[in-house]
Amino acid sequence: MSAPTGTKLEDRYGTRPRTTSRRTRWLLGALAVALGVAVAWIGYANLGSAPIETQASTFENLPDDAMRFTFEISRDTPERAVVCIVRVRVLDGSEGGRKEVLVPPGAESTRVTTVIHSTDEPVTADVFGCSYQVPPYLSTDLPPSE
């Protein structure tokens, strides 16, 4: 005959569950707090207030599939130049044209007007995005070419 089932289980697994030490609990708690702080910092850095904000003001159709577009830009560092990518959309919603616009250092809030050419008749315009990383070919600090 075989031994009772309870005896085999106790022999195999022991009679008491393993306990977690106090030091392990503190270590896991500190790790959870550190992870929470890291997640909060990353969220703030990525979702906090934007350093450059834009607002479309007006757009006006021009002949030859072009559009005059005016937008306002507010930046937290007005002494730095900004590049903004603006675009027009055609009737089916696709992008009809795009242009990079240099906004030189100046006031914290600036109004910019530009003309964007399109592949078809444009129906609206918007600012795709802005950055302080101005490409060298747009910079006004370049020496004149000979």
Side-chain angles (χ1 to χ4, degrees), residues 5-6 8-10 12-146:
T5 306
K8 283 187 172 185
L9 293 177
E10 288 174 3
R12 183 178 291 168
Y13 300 112
T15 56
R16 290 180 34 187
R18 181 186 267 174
T19 59
T20 305
S21 71
R22 183 173 286 202
R23 184 174 15 164
T24 303
R25 288 183 190 159
W26 276 102
L27 184 62
L28 288 174
L31 185 62
V33 168
L35 182 64
V37 168
V39 167
W41 182 78
I42 290 170
Y44 174 75
N46 290 328
L47 302 175
S49 64
I52 304 170
E53 294 181 4
T54 61
Q55 177 70 41
S57 294
T58 63
F59 48 88
E60 171 191 1
N61 277 358
L62 300 174
D64 300 325
D65 294 331
M67 181 171 276
R68 181 177 294 120
F69 179 52
T70 302
F71 63 97
E72 293 185 35
I73 177 171
S74 299
R75 50 191 162 180
D76 62 356
T77 314
E79 60 274 3
R80 292 180 61 191
V82 173
V83 61
C84 291
I85 298 173
V86 294
R87 62 184 177 177
V88 293
R89 294 189 178 267
V90 296
L91 190 57
D92 68 359
S94 64
E95 184 177 289
R98 167 184 291 232
K99 182 178 183 180
E100 293 174 309
V101 179
L102 176 66
V103 182
E108 186 175 321
S109 182
T110 306
R111 184 176 286 243
V112 179
T113 300
T114 188
V115 175
I116 310 163
H117 295 278
S118 179
T119 57
D120 201 0
E121 183 179 0
V123 294
T124 189
D126 65 348
V127 179
F128 183 74
C130 295
S131 173
Y132 285 117
Q133 298 175 354
V134 178
Y137 58 85
L138 284 179
S139 176
T140 58
D141 299 333
L142 295 176
S145 59
E146 296 179 19

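The residues of the chain are indexed from 1 along the displayed sequence.
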Pairs where residues 74-118 contributes a residue and the test ring pair (Phe, Tyr, Trp, His ring centres under 6.0 Å) is met, not counting sequence neighbours: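 Residue pairs passing ring pair (Phe, Tyr, Trp, His ring centres under 6.0 Å), neighbours aside: none found.
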Ring pair (Phe, Tyr, Trp, His ring centres under 6.0 Å) pairs, two or more places apart, involving residues 69-108: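 Passing the test, one end in residues 69-108: Phe69-Phe71.
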Roughly how far, to the nearest 0.5 Å, is the [atom2] atom of [Y] from the [atom1] atom of [X]?
X	Y	atom1	atom2	result
Arg23	Leu28	CZ	CG	12.5 Å
Glu53	Asp76	CD	CG	9.0 Å
Leu91	Arg89	CG	CZ	12.5 Å
Gln55	Asp126	CD	CG	11.5 Å
Cys130	Ile73	SG	CD1	4.0 Å

For the student: nearest non-hydrogen atoms of [X] and [Y], plus distance:
X	Y	result
Val115	Ala66	CG1-CB, 4.1 Å
Ser109	Glu72	OG-OE1, 4.3 Å
Pro122	Asn61	O-OD1, 3.2 Å

Residue list, side chain to side chain contact (heavy atoms under 4.5 Å, CB included) with Thr114, at least two apart or on another chain: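 Listed in chain order: Val86, Lys99, Val101, Ile116.
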Partner set under side chain to side chain contact (heavy atoms under 4.5 Å, CB included) for Asp64, not counting sequence neighbours: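 Not a single residue meets the side chain to side chain contact (heavy atoms under 4.5 Å, CB included) criterion with Asp64.
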Residue pair Met67 / Val123, side-chain heavy-atom distance below 4.5 Å: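 Not touching, per the 4.5 Å side-chain cut-off.
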Any Glu100 side-chain heavy atom under 4.5 Å of Phe128 side chain: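 No. Closest side-chain heavy atoms not under 4.5 Å.
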Check against side chain to side chain contact (heavy atoms under 4.5 Å, CB included), Arg87 and Val127: CA-CA 6 Å; Arg87 62 184 177 177; Val127 179; over 6 Å; no
Listed partners of Glu60 passing salt bridge (charged side-chain N to carboxylate O under 4.0 Å, His left out), at least two apart: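 Counting only residues at least two positions away or on another chain, Glu60 forms a salt bridge (charged side-chain N to carboxylate O under 4.0 Å, His left out) with Arg68.
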Listed pairs under 3.5 Å, donor-acceptor, residues 77-85 side chains, sequence neighbours left out:
none

Residue pair Val88, Arg98: steps toward the side chain to side chain contact (heavy atoms under 4.5 Å, CB included) verdict: CA-CA 7 Å; Val88 293; Arg98 167 184 291 232; over 6 Å; no
Working for side chain to side chain donor-acceptor pair (under 3.5 Å), residues Thr70 and Ser57: CA-CA 5 Å; Thr70 302; Ser57 294; over 6 Å; no
Side-chain donor-acceptor pair present, Ser94, Asp92, cut-off under 3.5 Å: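 Side-chain D/A pair, Ser94 to Asp92: present.
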